[in-house]
Amino acid sequence: MNLSRNAVIILAVLLMWPAVPRAQTVTLDEFLTYLKQSHPLFEKESLTVGVEEYSRDENLGGKDWHISSGPSFARQNPMPPGAFSPERIEVAGVNATAQRVFWKTGGRLSLSWATDYTNQIGLPVISIPFGEYLGDPTIPAFEIDTGPSKYYQNNVYLTYSQPLLQNMGGVLDRLGYDLGELSVEIATVSARENQEDFLLKMAMKFIDWVLLREQVDIATERLNLTEQQLEQAQKKRASNLVDKVDVLRSEDAVRIAEQGVVLLKARYEGIRAELAVLTQNRELATLDPDFNLYAGINIPPYTDAAATLRQNSRILKTIGTQRKILERQQTSLEEMIRPQLYMNTQLALKSGNSEFGNSIGSGKSDMGISLQLNYPLGSRAAHNRARKNTLRIRQMALAEEDAALALTASLRNTLIQLEEMEKALDLNRRQIETARLKTKEEQKRYSQGRGDLAFVIQSHDNEENARLNYAQNAALYQKLALQMTALIDQLI
């Protein structure tokens, strides 16, 4: 055989390829499981949901007790001082307030406590000189204090305000949390959709890997046939049964077949290494795909598949949740148009004394109840915001229907392609059988000396091309099946 040393080495390597036992295999489900366990996209999408959950729970602070407190000091100089007023008044105190909103009712409860100390400096004393009036200077003057100079006071207030119209039931108070809850739903669905899109992309790449494996096998089998053909041509040439050109043609066919196998094997090893990196699984770099490229699938009826799509579609769920957000906002906008009417109740306990120890304890109590009405005339801004949001809700409903039509149309397209691809695959099988029989006849004619080697080589090439087309169409068929599964959101 008149081949260069490098060609002999390449040929030896290629001949070992089919002889070496196949490595362990990995199925498509196992491959996707590796991805779900190791690829950072899945954790990233899960964290997105966690971020939205924390954003939602930030609104729970609206239900917490809020406490405020602080000291105070005031000095007053009455101007002008009256007959019974002190020269200066100093007041020092401490107060604390705890407030809370009740989302179920919309009411506000506050509990306040305050204590203060009042010091009246220069408080005048009323003196009545009875001795002068009676003409007896020995009788002392009668003095009357105008009030205690020092006084301690403690006050406790319990106040509750209940809305009777606007925000009754806490509709406005819960708005932030309700919208956050819907945002969590969107994030959850979007995360799953992004994960499924990624898995679909990787599943497609897995099918490409399977196709390359099949193409390598077909090309390797073609190489073996060309080598047998070359050996046969050399024997016939040695017996002067054929011309030297037949040997040269056989050698050329071997070289072409070698090149095809080398290129396909390089692509196969490249995509296998890529998938091993994506799964972060070194073992995958030594595995072969385990997948029946030519297996048929059960194509569901369009009506059943369309019903499943409308029920499961994450895209439609996302749009539907966005519409719910607008509807929840609409509820609040309409609530803000209503007048404000509050019922306010208050209970106060107070005690005081000139001695600090006696200022703490039971004292007086006050209570009161009132109604407060706030009614803006016109409310044009609120009405227009509500009307604008109504249009947005309608837009979102139409967007949902538009997306549903687009998805069902794409599903219909995919199902039709799957049905037609089954017909094409059947034609491919017939074509392969015809090409095989033709090759057999051409080989028979050549062996009997009645045919040309060029026709034999051409027939082998046609048979190989028919098998390669069959494999490519089968891969396309499997990819369409994956697309159909992803369209009805059943891939993940």
Side-chain angles (χ1 to χ4, degrees), residues 45 48-64 66 99-108 161-194 197 309-343 371-410 489:
E45 294 298 333
T48 301
V49 177
V51 169
E52 290 297 329
E53 288 176 342
Y54 280 116
S55 297
R56 173 203 62 193
D57 293 343
E58 287 177 2
N59 296 280
L60 292 174
K63 296 198 299 182
D64 294 339
H66 295 270
Q99 296 179 334
R100 186 188 176 186
V101 176
F102 294 92
W103 282 5
K104 289 185 177 180
T105 64
R108 270 76 172 153
S161 178
Q162 172 62 44
L164 301 179
L165 291 177
Q166 185 184 113
N167 197 37
M168 186 174 182
V171 175
L172 298 179
D173 295 328
R174 295 194 311 270
L175 176 62
Y177 184 86
D178 290 346
L179 295 181
E181 183 70 21
L182 294 172
S183 296
V184 170
E185 290 184 18
I186 291 177
T188 302
V189 174
S190 297
R192 296 289 286 178
E193 184 68 15
N194 293 338
D197 289 344
L309 183 148
R310 284 186 173 268
Q311 180 180 359
N312 295 344
S313 175
R314 298 187 189 94
I315 295 176
L316 297 182
K317 288 180 180 178
T318 299
I319 299 176
T321 306
Q322 291 173 341
R323 177 170 50 82
K324 290 180 181 178
I325 288 177
L326 293 175
E327 290 172 347
R328 180 61 181 87
Q329 291 174 337
Q330 182 69 16
T331 302
S332 295
L333 290 172
E334 293 175 352
E335 189 72 15
M336 294 178 66
I337 297 175
R338 303 177 68 188
Q340 296 176 341
L341 179 62
Y342 297 96
M343 181 180 67
L371 292 175
Q372 180 182 354
L373 176 65
N374 299 323
Y375 186 75
L377 298 178
S379 300
R380 286 181 291 181
H383 280 90
N384 286 325
R385 282 194 295 267
R387 295 183 185 118
K388 180 173 64 175
N389 199 67
T390 301
L391 296 180
R392 288 177 176 173
I393 294 174
R394 177 59 180 162
Q395 282 182 322
M396 194 60 65
L398 293 173
E400 185 176 2
E401 187 62 27
D402 180 37
L405 288 174
L407 289 171
T408 51
S410 180
D489 288 309

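Residues: numbered from 1 along the sequence shown. Small disclaimer: the values here were computed from a predicted structure and weren't measured.
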Taking every non-hydrogen atom, the tightest pair across [X] and [Y]:
| X | Y | value |
| --- | --- | --- |
| Gly61 | His66 | O-NE2, 3.3 Å |
| Leu326 | Asn389 | O-ND2, 2.8 Å |
| Ala403 | Ile319 | CB-CD1, 3.6 Å |
| Pro339 | Leu373 | CB-CD1, 4.3 Å |
| Ile337 | Ala386 | CD1-CB, 4.1 Å |
| Pro163 | Gly106 | CD-O, 3.3 Å |

Would you mind reporting whether [Y] and [X] have side-chain heavy atoms less than 4.5 Å apart?
| X | Y | value |
| --- | --- | --- |
| Ile186 | Ile325 | yes |
| Arg328 | Arg174 | yes |
| Thr331 | Val171 | yes |

Return the [atom1] to [atom2] distance between [X] and [Y], rounded to the nearest 0.5 Å.
| X | Y | atom1 | atom2 | answer |
| --- | --- | --- | --- | --- |
| Glu181 | Asp57 | CD | CG | 8.5 Å |
| Gln372 | Tyr342 | CD | OH | 7.5 Å |
| Gln395 | Asp402 | CD | CG | 12.0 Å |
| Ser332 | Leu175 | OG | CG | 4.0 Å |
| Arg392 | Glu327 | CZ | CD | 14.5 Å |
| Asp173 | Asn167 | CG | CG | 4.0 Å |

Arg192/Asp197 salt bridge by N-O under 4.0 Å criterion: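 No salt bridge links Asp197 with Arg192.
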
Salt bridge check, Arg310 against Glu401: does any charged N sit closer than 4.0 Å to a carboxylate O?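 Salt bridge between Glu401 and Arg310, a charged N being under 4.0 Å from a carboxylate O: yes.
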
Could you check whether any side-chain N or O of [X] sits under 3.5 Å from a backbone N or O of [Y], counting only pairs where one atom can act as donor and the other as acceptor?
| X | Y | value |
| --- | --- | --- |
| Arg338 | Leu165 | yes |
| Ser410 | Ala406 | no |
| Arg100 | Lys63 | yes |
| Asn194 | Ala191 | no |

Would you please say whether a donor-acceptor pair under 3.5 Å links the side chains of [X] and [Y]?
| X | Y | result |
| --- | --- | --- |
| Glu193 | Thr318 | no |
| Asn384 | Arg387 | yes |
| Glu335 | Gln166 | no |

Could you walk me through whether Trp103 and Leu60 pass the side-chain contact (heavy atoms from CB on, under 4.5 Å) test, one step at a time? CA-CA 10 Å; Trp103 282 5; Leu60 292 174; 4.2 Å; yes

Decide yes or no on side-chain contact (heavy atoms from CB on, under 4.5 Å) for Gln340 and Tyr375, but give the supporting numbers first. CA-CA 6 Å; Gln340 296 176 341; Tyr375 186 75; over 6 Å; no

Among Glu400, Met396, Arg394, the one residue meeting side-chain contact (heavy atoms from CB on, under 4.5 Å) with Leu398: Arg394

Please evaluate residues Leu371 and Leu164 with respect to the criterion side-chain contact (heavy atoms from CB on, under 4.5 Å), reporting the C-alpha separation (whole Å), side-chain torsions for both, the decisive distance (0.1 Å), and the verdict. CA-CA 10 Å; Leu371 292 175; Leu164 301 179; 4.1 Å; yes

